Trainee: 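Shown below is the structure under consideration.
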Amino acid sequence: MSTFLLVHGAWHNGRCWERLAPFLKSAGHRVLAPSLTGYGDKAHLLGPEVGLDTHVEDVLKLIHEEDLSDVVLVGHSYAGLVISSVANEAPERIARLVYLDAMVPEHGETAVDVQPVTQSLIDLAAGSASTWRIPPLPELPPPFGLFGVTDPTDAAWLRSLLSDHPVRCLQQPVRLDNPAARSIPRTHIHCVGAQPEGIVRRPVPATQPNGSPARVRELPTGHDAMITMPAELATLLLEPAQ
């Protein structure tokens with residue numbers, strides 16, 4: 001049995017994994033899907049001081065409090081920065097990293113470095129009354145929808161989960177200076193449905209940091225695959241690591 005630790009992306013909270021979790025649990029695995037500081041049951045903690053380091057500490061604290069090991073650490077979108085940083089701090093606890101349509105940073109990079117379009121969101125916030133927070137992205141006409149969710153009922157449910165994202169999260173750099181973290185196997189799952197203009201995805205190097213061939217999978221859906229294709233996503237997550 002593995003422990004799947006699912007880390008949500010910007011604007012979301014831990015409930016976004018509700019459709020995926022049963023598939024992993026039915027395969028005999030433990031599933032944890034916490035809300036990061038400022039979201040869900042921790043929404044009251046949102047403030048200008050909340051940043052990437054806050055969210056990294058959230059996950060590290062959970063790992064240590066629950067004494068987790070053999071963790072499959074899944075990060076969606078912005079949380080690619082979070083899981084990379086967590087692995088840097090506690091590589092001995094992590095069995096595998098999974099980047100779900102996620103930012104994949106190098107040492108010292110910020111979200112803006114990985115996904116330059118995020119700078120425009122920071123600039124918009126700077127001209128608003130609340131300069132430190134970025135409201136959720138608007139729903140777009142099909143085929144883009146709300147984070148790739150186009151079904152009206154699903155989009156309405158997702159909208160009820162979303163809340164503002166602190167600017168600081170996009171500006172703090174990751175620290176990836178622990179050589180031990182390079183040995184952790186990685187899987188990249190790309191959502192290859194319709195993407196809004198300006199979104200870029202870095203090519204995955206042919207070789208993982210541990211020397212194994214790159215492991216890249218695709219899902220023909222929008223960004224929030226855990227909502228739109230939970231069964232198919234579970235199948236990919238349950239593949240054995242390389």
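Numbering of residues begins at 1 and proceeds along the displayed sequence. Note that the structure is a prediction, hence the values are computed from the model and not measured.
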Trainee: Flag the pair V117 / V200 as yes when at least one side-chain heavy-atom distance between them is below 4.5 Å, and no otherwise.
Mentor: no
Trainee: Return the minimal non-hydrogen interatomic distance between D164 and P135, and the atom names on each side.
Mentor: OD1-CA, 3.2 Å
Trainee: Taking atom CG of L45 and atom OG1 of T54, what is their separation to the nearest 0.5 Å?
Mentor: 10.0 Å
Trainee: Which is it for D113 and T110 under the side chain to side chain donor-acceptor pair (under 3.5 Å) test, yes or no, and what are the steps along the way?
Mentor: CA-CA 5 Å; D113 295 316; T110 69; 3.2 Å; yes
Trainee: Measuring from H8:NE2 to L36:CG, what's the distance to the nearest 0.5 Å?
Mentor: 3.5 Å
Trainee: Out of curiosity, E92 CD to S183 OG, how far, rounded to the nearest 0.5 Å?
Mentor: 10.5 Å
Trainee: To the nearest 0.5 Å, tell me how far L24 CG sits from R30 CZ.
Mentor: 13.5 Å
Trainee: Yes or no on side-chain contact (heavy atoms from CB on, under 4.5 Å) for V86 and L5, after CA distance, side-chain angles and deciding distance?
Mentor: CA-CA 12 Å; V86 169; L5 180 44; over 6 Å; no
Trainee: So, does D151 use its side chain to make a donor-acceptor pair with the main chain of D154 at under 3.5 Å?
Mentor: yes
Trainee: Can you confirm whether the side chains of N88 and S85 place a donor and an acceptor under 3.5 Å from each other?
Mentor: no
Trainee: Looking at E106, I want to see if its CD is surrounded by more than 12 non-hydrogen atoms of other residues, nucleotides or ligands under 6.0 Å.
Mentor: no
Trainee: Is any side-chain heavy atom of V114 less than 4.5 Å from a side-chain heavy atom of V104?
Mentor: no
Trainee: Without swapping roles, check the side chain of W11 against the backbone of I134 for a donor-acceptor pair under 3.5 Å.
Mentor: yes
Trainee: Tell me, do W157 and I227 make a side-chain contact under 4.5 Å, heavy atoms counted?
Mentor: yes
Trainee: Do any N or O atoms from the side chain of Q208 and from the backbone of P213 form a donor-acceptor pair under 3.5 angstrom?
Mentor: yes
Trainee: Which pair of non-hydrogen atoms, one from H223 and one from C191, has the smallest distance, and what is that distance?
Mentor: O-SG, 3.7 Å
Trainee: Test of understanding: clusters of I, L, V, M, F, W, Y form through side-chain heavy atoms closer than 4.5 Å, transitively. Do F23 and V72 belong to the same one?
Mentor: no
Trainee: When you compare the side chain of L6 with that of H76, does any pair of heavy atoms fall below 4.5 Å?
Mentor: no
Trainee: Would you confirm whether R186, through its side chain, and L97, through its main-chain N or O, come within 3.5 Å as a donor-acceptor pair?
Mentor: no
Trainee: Does one hydrophobic cluster hold both L146 and L219, with members joined at side-chain heavy-atom distances below 4.5 Å?
Mentor: yes
Trainee: Side chains of H107 and D177: any donor to acceptor distance under 3.5 Å?
Mentor: no
Trainee: Has H12 got a side-chain atom pairing as donor or acceptor with Y39's backbone, closer than 3.5 angstrom?
Mentor: no
Trainee: For E89, does its backbone N or O pair with a side-chain atom of N178 as donor and acceptor, under 3.5 Å?
Mentor: no
Trainee: Given 3.5 Å as the limit, does a donor-acceptor pair link the side chain of N13 with the main chain of S35, or not?
Mentor: no
Trainee: Below 4.0 angstrom, N of the basic side chain to O of the carboxylate: do E109 and R202 qualify?
Mentor: yes
Trainee: Taking atom CZ of R182 as the centre, does the number of heavy atoms from other residues, nucleotides or ligands within less than 6.0 Å exceed 12?
Mentor: no
Trainee: Can you tell if the side chain of P173 reaches within under 4.5 Å of the side chain of L52, non-hydrogen atoms only?
Mentor: no
Trainee: Does the E218 side chain pair with the main chain of V192, one donor and one acceptor, at a distance under 3.5 Å?
Mentor: no
Trainee: Tell me, do I184 and L73 make a side-chain contact under 4.5 Å, heavy atoms counted?
Mentor: no
Trainee: If you round to the nearest 0.5 Å, how far is CG of D53 from CG of L60?
Mentor: 11.0 Å
Trainee: Do you reckon L46 sits in the same ILVMFWY cluster as L121, going by side-chain contacts under 4.5 Å, direct or chained?
Mentor: no
Trainee: Give the intermediate values and the outcome of side-chain contact (heavy atoms from CB on, under 4.5 Å) for residues V50 and H55.
Mentor: CA-CA 8 Å; V50 174; H55 294 158; 3.6 Å; yes
Trainee: Stepwise, does the side-chain contact (heavy atoms from CB on, under 4.5 Å) test hold for I189 with V74?
Mentor: CA-CA 10 Å; I189 301 176; V74 181; over 6 Å; no
Trainee: Parallel under 30°, tilted from 30 to 60°, perpendicular over 60°: which one fits the rings of H29 and F4?
Mentor: perpendicular
Trainee: Which value, rounded to the nearest 0.5 Å, describes the distance between R168 atom CZ and E49 atom CD?
Mentor: 8.5 Å
Trainee: Just one of T3, D67, D70 clears the side chain to side chain donor-acceptor pair (under 3.5 Å) bar with R93, so which one?
Mentor: D67
Trainee: Do I94 and I83 have side-chain heavy atoms sitting under 4.5 Å apart?
Mentor: no
Trainee: So if you build clusters from Ile, Leu, Val, Met, Phe, Trp, Tyr with side-chain heavy-atom gaps below 4.5 Å, do V204 and L176 land together?
Mentor: no
Trainee: Is a donor from one side chain sitting under 3.5 angstrom from an acceptor on the other, for H165 and Y78?
Mentor: no
Trainee: Do T228 and T221 have side-chain N/O donor and acceptor atoms under 3.5 Å apart?
Mentor: yes
Trainee: Do W132 and L137 land in one hydrophobic cluster if side-chain heavy atoms of ILVMFWY residues count as linked below 4.5 Å?
Mentor: no
